[in-house]
Amino acid sequence: MSLLSRKGRGILVAFEGCDRGGKSTQCKMLVDYFKTTGRDVAHFSFPDRTTIIGQSIDSYLQGKSELEDHAVHLLFSANRWEAVPKITQLIERGTSVIMDRYAFSGVAFTAAKKGFDVTWCKYPDRGLPCPDIVFYLEIATKDAMSRASFGNERYEKAEFQERVAKVYKELKSDDWRVVDALRDMNEIHEEIKSTVIKLEDNVKYSELKNLWT
Ligand code: T5A
Ligand code: NA
């Protein structure tokens, strides 16, 4: 048995939820925990605003440009697919990957728009690496709105966020952990950390699955 296969693969973790629930905060805390404990870890955020595709998305989110709704949905998906070779390679080599938003955001935010259904929205992301676990940071819209800089970007409107939350409910599966995001951030981190530690050994020697196949 090679050294690599003895080490096993990395774990794929996704953070999801409506805007301002604390995903980026928890993502960073989990990445830091992995680093301080000597685990190999990589951090991805979607949209990745640094790529060519990501730059169009960034401009759209900031309201600096307009894009047709189907077209922007496909761009968000393409922005994940362009990261897949890197993510897959890292996981196979034993590095854990922590993602701030993923395909569930893609579906929830587009399906919340008029004239879109979940089945259509899922299709472009079908076959992406499937997270071993999804932490859904649950927060009521009124509480999210009271957090710093809510309302600066395109989708940060109360009524729209309520619709997004409804779609997320539909997407929820057994691999999800719903986290009460209104608590102290350290308390939330402890809960997330202990769930991940328990999961690590179970997934190490299992195949990474494909999403929605
Ligand atoms: N989108 C995204 C799509 O439409 N389709 C897609 O496919 C994808 C991937 C950008 C937008 O794009 C949409 C969804 C979004 O509308 P983004 O870049 O993730 O997505 O948006 P951001 O604005 O960066 O992130 P969020 O608004 O979602 O915020 P977070 O990451 O949930 O929250 P965070 O950690 O930045 O915290 C927000 C504030 O709350 C405080 C923080 O200090 C910060 O000030 N905070 C807490 N306060 C009290 N208690 C706690 N426990 C706290 N945790 C954090
Ligand atoms: Na964020």
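Just so you know, these numbers come straight off a predicted model, no measurement behind them. Both counts, for ligands and for their atoms, begin at 1 and track the order of listing. Side chains are part of it too, since the values below use all heavy atoms of this structure and drop only hydrogens, waters and symmetry mates.
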Colleague: Could you list which atoms of ligand 1 come closer than 4.0 Å to a heavy atom of A148?
Modeller: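 Heavy-atom distances to A148 below 4.0 Å select 45 (O).
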
Colleague: In terms of side-chain geometry, is the basic nitrogen of R154 or D19 positioned less than 4.0 Å from the acidic oxygen of its partner?
Modeller: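 Salt bridge between R154 and D19, a charged N being under 4.0 Å from a carboxylate O: no.
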
Colleague: Charged N to carboxylate O under 4.0 angstrom, R147 versus D143?
Modeller: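 No, this pair does not count.
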
Colleague: Less than 4.0 angstrom from a charged side-chain N to a carboxylate O is my criterion; do E159 and K113 meet it?
Modeller: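 Salt bridge absent between E159 and K113.
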
Colleague: Do the side chains of K23 and D100 get close enough for a salt bridge, i.e. N-O under 4.0 angstrom?
Modeller: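 Looking at D100 together with K23, the answer is no, because their closest N to O distance does not fall below 4.0 Å.
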
Colleague: Which atoms of ligand 1 are found less than 4.0 Å from any heavy atom of E156?
Modeller: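 Near E156, the atoms of ligand 1 are 23 (O), 27 (O).
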
Colleague: Starting from atom 10 (C) of ligand 1, what is the nearest protein heavy atom, named by residue and atom, and what distance separates them?
Modeller: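 Closest protein heavy atom to atom 10 (C) of ligand 1: R49 NH2, 3.5 Å.
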
Colleague: Do NZ/NE/NH1/NH2 and the carboxylate oxygens of E191 and R183 come within less than 4.0 Å?
Modeller: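 The answer is yes: the pair qualifies as a salt bridge.
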
Colleague: Got the closest protein heavy atom to atom 13 (C) of ligand 1, with its distance?
Modeller: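 Result for atom 13 (C) of ligand 1: Y155 CD1, 3.9 Å.
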
Colleague: Contact between Q26 and F135 at the side-chain level, heavy atoms closer than 4.5 Å - yes or no?
Modeller: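 The answer is no; the side chains never approach within 4.5 Å.
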
Colleague: Considering only protein heavy atoms, which is closest to atom 49 (C) of ligand 1, and at what distance to one decimal place?
Modeller: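 Atom 49 (C) of ligand 1 sits closest to the protein heavy atom R147 NH2, 3.5 Å.
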
Colleague: In terms of residue, atom name and distance, what is the protein heavy atom nearest to atom 55 (C) of ligand 1?
Modeller: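 Going by distance alone, atom 55 (C) of ligand 1 is nearest to T25 OG1, 3.4 Å.
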
Colleague: Any chance CD of E68 has more than 12 other-residue heavy atoms, nucleotides or ligands included, within less than 6.0 Å?
Modeller: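 Yes - once you tally the heavy atoms of other residues, nucleotides and ligands closer than 6.0 Å, there are more than 12.
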
Colleague: Find all atoms of ligand 1 within a distance of less than 4.0 Å from any non-hydrogen atom belonging to G21, and give their numbers and elements.
Modeller: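 Ligand 1 atoms under the 4.0 Å threshold to G21: 32 (O).
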
Colleague: Pick, from R101, K23, R183, R80, the option with the minimum heavy-atom distance to atom 20 (O) of ligand 1.
Modeller: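 Shortest heavy-atom distance from atom 20 (O) of ligand 1: R101.
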
Colleague: Nearest protein heavy atom to atom 15 (C) of ligand 1, by residue and atom, and its distance?
Modeller: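 Of every protein heavy atom, D19 OD1, 3.4 Å lies nearest to atom 15 (C) of ligand 1.
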
Colleague: Would you say atom 44 (C) of ligand 1 touches the protein, meaning some protein heavy atom is under 4.0 Å from it?
Modeller: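 For atom 44 (C) of ligand 1 the answer is no, since every protein heavy atom stays at 4.0 Å or beyond.
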
Colleague: Can an N, O or S atom be found in S45 less than 3.0 Å away from the Na ion (ligand 2)?
Modeller: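 Coordinating: no.
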
Colleague: Which one holds for L61 and ligand 1: side chain close, backbone close, both close, or neither close, with close meaning a heavy atom under 4.0 Å?
Modeller: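 The side chain, only.
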
Colleague: Would T141 and E162 satisfy side chain to side chain donor-acceptor pair (under 3.5 Å), going step by step from the backbone distance to the final call?
Modeller: CA-CA 7 Å; T141 307; E162 301 280 0; 3.3 Å; yes

Colleague: Counting heavy atoms only, which of Y102, F109, Y60 comes nearest to atom 4 (O) of ligand 1?
Modeller: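 It is F109 whose heavy atom sits nearest to atom 4 (O) of ligand 1.
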
Colleague: Before accepting this row, confirm whether a basic side-chain N of the pair R39/E200 lies closer than 4.0 Å to the acidic partner's carboxylate O.
Modeller: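 Answer for the salt bridge query: yes.
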
Colleague: F46 heavy atoms, cut-off 4.0 Å: which ligand 1 atoms fall inside?
Modeller: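 Atoms satisfying the 4.0 Å criterion: 9 (C).
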
Colleague: Distance to 0.1 Å, residue and atom name: give those for the protein heavy atom nearest to atom 33 (O) of ligand 1.
Modeller: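 Atom 33 (O) of ligand 1 sits closest to the protein heavy atom G22 N, 3.1 Å.
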
Colleague: If you look at every heavy atom in Y168 and F104, which pair is closest and at what distance?
Modeller: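 Heavy atoms of Y168 and F104 come nearest at CE2-O, 3.9 Å.
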
Colleague: Would you call D40 and K7 a salt bridge, using N to O less than 4.0 angstrom?
Modeller: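 Looking at K7 together with D40, the answer is yes, because their closest N to O distance falls below 4.0 Å.
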
Colleague: Specify whether the nearest protein heavy atom to atom 17 (P) of ligand 1 is under 4.0 angstrom away.
Modeller: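 Neighbour list for atom 17 (P) of ligand 1 includes protein heavy atoms (cut-off 4.0 Å).
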
Colleague: As an exercise, identify every atom of ligand 1 less than 4.0 angstrom from a heavy atom of P47.
Modeller: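 This gives 2 (C), 9 (C) as the contact atoms.
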
Colleague: Who's closest to atom 23 (O) of ligand 1 heavy-atom-wise, of M185, Q161, R20, E16?
Modeller: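 Minimum heavy-atom distance to atom 23 (O) of ligand 1 goes to R20.
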
Colleague: Could you identify the single nearest non-hydrogen protein atom to atom 6 (C) of ligand 1 and state the distance to 0.1 Å?
Modeller: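 For this ligand atom, the closest protein heavy atom is F76 CD2, 3.1 Å.
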
Colleague: With heavy-atom distances below 4.0 Å as the criterion, list the atoms of ligand 1 near I188.
Modeller: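 Result: 52 (N).
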
Colleague: Check Y60 against S65 and note the closest heavy-atom contact, atom names and distance.
Modeller: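 Reported closest heavy-atom pair: N-OG, 3.4 Å.
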
